[in-house]
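What you see below is based on every heavy atom in this structure, not just the backbone, and it leaves out hydrogens, waters and symmetry mates.
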Amino acid sequence: MTGVQTCALPISVLLWGAADPFRVRQRMDWIVEDQFLQVRPVPPWHPDLLQISMDDRAARLLSPTDRRHRLARGLRQLKRLGARTVLVDVLFLDPGSSSSFYEEEATYDGIPQQVLEQYPQMKDRYLEDRLLSDAFREIATVVIPCHLLEPMERKKKSRDEPFVAQMATLLEKDPNISAELLAKKIEMDVNAAHRLREQALELAAERIAEEPKRAQEFLANRKDSPLRDRLLIATDRQRVLEIIRSTSSFSSESIPFVSDAGQAELPLSLFAESAELGFADVVPDADGKLRRVPMLARWKNRVVVHSSLAALASHRGVSTNQLSLRDRKLQVSSGESVHFDARGRLIVNWPFNRKQTWDKVVPQLSVADLFELARYDADVETTKNNLRFHVTLLDKTQSLKFDCERLLLEIWDQCANGQAETVKRLSRRFDEEMIPKVLAHPSVRELFRQLDEDALPDVADEENQAVISAQLVREIRLELPQLEDERQKAI
């Protein structure tokens with residue numbers, strides 16, 4: 001064998017290995033990695049983490065068309081259970097139902113039917129998007145995802161793009177211009193103008209939305225314009241983009257290993273204003289298994305983070321815009337950092353092996369469990385409101401003049417106006433001040449004494465509201481501690 005042949009052989013082997021034309025080496029690496037995960041000890045699960053699953057039980061309770069108000073109900077339970085940070089892995093891209101779910105959800109607040117009839121505006125409180133955004137606000141931090149898309153330059157450009165751009169320029173000036181006139185001015189085919197007009201209207205709306213003052217004037221002065229609905233969507237998107245720019249991203253120097261994102265599917269601003277944002281994209285390996293998750297992406301000269309990383313930072317009291325990146329290491333807090341591979345991905349150390357499965361290692365609840373807890377709340381709140389109502393009747397029928405009715409009406413007024421904290425404060429005042437005053441009054445104590453001794457006059461119940469209320473107050477006061485105890489046991 002000549003010297004040339006001797007040198008050529010190892011060079012050929014190296015080149016073959018580097019090229020790996022059939023990805024054999026890559027697949028061998030994956031096999032070794034997978035086998036290692038199966039035999040190595042399971043990493044300890046952090047006590048702050050709990051998985052809430054939308055399993056089969058929950059799926060039966062969450063219909064595709066009206067699920068948001070029920071998700072809100074579950075989130076309120078997480079708040080009551082002490083959750084500080086919640087990652088909701090659901091995309092909220094479109095408006096929810098315009099129907100009010102007051103008949104179902106008001107029950108869980110203990111609001112009587114007659115109050116809903118007296119305050120019809122209260123029904124607006126139970127629109128599902130409002131319920132969900134309010135539930136986001138109640139928890140210290142909620143993180144919701146967006147979806148990143150490939151940059152436009154990676155996609156094959158359409159021949160129609162120049163025509164769409166020119167049509168959009170004309171439509172910005174006159175949104176009512178016909179497809180025929182557009183075709184004439186741009187010198188294009190009329191059929192193509194009809195086909196591309198919708199795209200051009202959307203592009204025109206996006207351009208106007210980039211100038212907030214111009215968009216505001218347009219919406220105020222052109223209420224019948226075909227651009228109006230598109231502009232409302234585009235301005236909502238701009239609000240979300242500003243949230244990402246100001247709070248849900250951070251600036252950094254050139255990061256060669258962070259990929260660029262061209263566009264994004266974004267949640268509604270109603271939700272983005274009530275939560276933290278992060279992207280939720282994952283890219284499985286060629287064999288379909290997920291071993292690495294992209295944690296960072298560059299978008300519009302800012303670095304955005306994966307939703308799980310946004311949740312970690314928020315849980316540690318760090319805003320996304322306070323994060324810093326250096327040498328493929330993201331500093332989250334003084335003692336915690338996240339390391340990435342050469343492509344900005346986190347290698348997932350899955351919490352299971354051959355002997356210990358995911359469901360045995362990871363503590364979890366079903367969303368259905370939260371709904372069951374909500375039923376206990378409904379029982380307790382309904383009973384409390386019944387107690388307030390009948391104490392008010394005692395105050396009124398016995399002429400005690402403690403003004404319970406005025407305070408109860410104020411509670412319902414504030415409830416109708418959506419002032420949740422004020423409602424809690426006034427309800428607490430009613431329970432701690434008004435109820436003891438009424439029950440301690442001599443005339444009410446005499447009613448209870450006569451009930452105990454069965455010494456009340458023989459009158460029909462409907463003729464003596466005070467007797468009815470006294471009986472019910474006594475029963476409710478016995479029932480309420482039992483209900484609260486059952487709720488606590490369920491928790």
Tell me yes or no: between the side chains of Asp377 and Gln77, is some donor less than 3.5 Å from an acceptor?
yes

Donor-acceptor under 3.5 Å (Lys79 side chain, Glu138 main chain)
yes

In short, side-chain hydrogen bond (donor to acceptor under 3.5 Å, both in side chains) pairs touching residues 421-434 with sequence neighbours left out are Arg388-Asp431

A side-chain contact here means heavy atoms from C-beta on lying under 4.5 Å apart; do Pro95 and Asp129 qualify?
yes

How far apart are the C-alpha atoms of Glu242 and Arg239, what are their side-chain angles, what is the distance that settles it, and do they pass the salt bridge (Lys or Arg N to Asp or Glu O under 4.0 Å) test?
CA-CA 5 Å; Glu242 177 56 28; Arg239 284 195 291 272; over 6 Å; no

Atom OG in Ser269, atom CG in Asp236: separation rounded to 0.5 Å?
3.5 Å

Does the side-chain contact (heavy atoms from CB on, under 4.5 Å) test come out yes or no for Arg291 and Trp30, once each step is laid out?
CA-CA 9 Å; Arg291 299 178 179 88; Trp30 289 341; 3.6 Å; yes

Are Glu105 and Arg76 close enough for a salt bridge, meaning some N to O gap below 4.0 Å?
yes

Taking side chain to side chain donor-acceptor pair (under 3.5 Å) as the definition, give me every residue that meets it alongside Tyr126, ordered by chain and number, with sequence neighbours left out.
Asp109

Of all heavy-atom pairs between Ser308 and Leu87, which one has the smallest distance, and what is that distance?
CA-CD2, 4.1 Å

Salt bridge (Lys or Arg N to Asp or Glu O under 4.0 Å) involving Glu172 - partner list, sequence neighbours excluded:
Arg207, Arg214

Please step through side-chain contact (heavy atoms from CB on, under 4.5 Å) for the pair Ile52 and Leu370, ending with a clear verdict.
CA-CA 9 Å; Ile52 309 294; Leu370 301 180; 4.0 Å; yes

Straight-line distance of Leu227 CG to Leu171 CG, nearest 0.5 Å
6.5 Å

Nearest non-hydrogen partners of Val240 and Leu268, listed with the distance
CG2-C, 4.0 Å

Side-chain ion pair, Asp34 and Lys289, N-O less than 4.0 Å
yes

Taking only residues two or more places apart in sequence, or in another chain, which ones meet Asn353 in a side chain to side chain donor-acceptor pair (under 3.5 Å)?
none

Which residues share a side-chain contact (heavy atoms from CB on, under 4.5 Å) with Gln482, sequence neighbours left out
none

The reported gap from CD1 in Ile144 to OG in Ser307 (rounded to nearest 0.5 angstrom) is 10.5 Å

Strictly by salt bridge (charged side-chain N to carboxylate O under 4.0 Å, His left out), give each pair with a member in residues 48-57 just once, sequence neighbours left out.
Arg57-Asp369, Arg57-Glu372

Is it the case that the side chain of Thr320 and the backbone of Ser249 share a donor-acceptor pair, with hydrogens and angles ignored and the cut-off at 3.5 Å?
no

One should read off an interatomic distance between Leu91 CG and Asp89 CG, to the nearest 0.5 angstrom, of 7.5 Å

Mark yes when over 12 heavy atoms from residues, nucleotides or ligands other than Gln216 sit less than 6.0 Å from its CD; otherwise mark no.
no

Restricting to non-hydrogen atoms, name the atom on Gln166 and the atom on Ile186 that form the minimum distance, rounded to 0.1 Å.
OE1-CG2, 3.4 Å

Whether Arg73 engages the ring of Tyr108 as a cation-pi pair (distance to the six-membered ring centre under 6.0 angstrom, angle to the ring normal within 45°) should be assessed.
yes

Going by salt bridge (Lys or Arg N to Asp or Glu O under 4.0 Å), name the residues that satisfy it together with Glu336, two or more places apart in sequence or in a different chain.
Arg316

Show, in sequence, the C-alpha distance, side-chain angles and deciding distance for Leu408 and Met434, and conclude whether the side-chain contact (heavy atoms from CB on, under 4.5 Å) test is met.
CA-CA 10 Å; Leu408 190 61; Met434 295 302 186; over 6 Å; no

In terms of heavy-atom contacts, does CG of Asp224 have more than 12 from other residues, nucleotides or ligands at under 6.0 Å?
no

Any chance the side chains of Ser53 and Gln364 put a donor and an acceptor closer than 3.5 Å?
yes

Would you call Glu202 and Arg197 a salt bridge, using N to O less than 4.0 angstrom?
no

Kindly write out the residues that satisfy side chain to side chain donor-acceptor pair (under 3.5 Å) with Asp485, not counting sequence neighbours, or none if the list is empty.
Lys489

What residues, two or more places apart in sequence or in another chain, satisfy side chain to side chain donor-acceptor pair (under 3.5 Å) together with Arg406?
Asp403, Glu410

To the nearest 0.5 Å, tell me how far Leu37 CG sits from Asn349 CG.
6.5 Å

Pair Arg70 + Glu128: basic N to acidic O under 4.0 Å:
no

Is Arg487 paired with Asp379 through a side-chain N to carboxylate O contact shorter than 4.0 Å?
no

When you check the side-chain N and O atoms of Tyr102 and Asp124, is any donor under 3.5 Å from an acceptor?
no

When every non-hydrogen atom of Val423 is compared with those of Ile411, the smallest separation belongs to CG2-O, 3.9 Å

Sequence neighbours left out, what pairs pass ring pair (Phe, Tyr, Trp, His ring centres under 6.0 Å) with at least one residue falling in residues 300-331?
Phe279-His306

Check whether any side-chain heavy atom of Leu323 sits under 4.5 Å from a side-chain heavy atom of Asn321, and report yes or no.
no

For Glu479 and Thr383: C-alpha separation, side-chain torsions, deciding distance, then whether side-chain contact (heavy atoms from CB on, under 4.5 Å) applies.
CA-CA 8 Å; Glu479 181 185 13; Thr383 304; 4.2 Å; yes

If you look at every heavy atom in Val391 and Cys404, which pair is closest and at what distance?
CG1-SG, 4.5 Å

What distance do Arg237 atom CZ and Glu206 atom CD have between them, rounded to the nearest 0.5 Å?
7.0 Å

Find out whether Glu265 and Leu148 are in side-chain contact, i.e. whether some heavy atom of one side chain is under 4.5 Å from a heavy atom of the other.
no

Taking every non-hydrogen atom, the tightest pair across Leu330 and Leu309:
CD2-CD2, 3.2 Å

For Lys437, what residues pass the side-chain contact (heavy atoms from CB on, under 4.5 Å) criterion, not counting sequence neighbours?
Phe402

Do Arg302's NZ or CZ and the ring of Phe250 fall within the cation-pi criteria of under 6.0 Å and 45°?
no

Do Asp359 and Phe352 have side chains that get closer than 4.5 Å, going by heavy atoms?
no

Would you call Pro226 and Asn176 a side-chain contact if the rule is heavy atoms closer than 4.5 Å?
yes

Donor-acceptor contact present, side-chain Ser225 to main-chain Arg222, <3.5 Å:
no

Quick check: do Val304 and Leu277 have side-chain heavy atoms less than 4.5 Å from each other?
no

Do Arg125 and Ile111 make a side-chain contact, defined as non-hydrogen atoms from C-beta onward lying under 4.5 Å apart?
yes

Applying side-chain contact (heavy atoms from CB on, under 4.5 Å), name anything that partners Lys173, two or more places apart in sequence or on another chain.
none

Going by heavy atoms in the side chains, are His147 and Asp281 under 4.5 Å from each other?
yes

Parallel under 30°, tilted from 30 to 60°, perpendicular over 60°: which one fits the rings of Trp358 and Trp45?
perpendicular

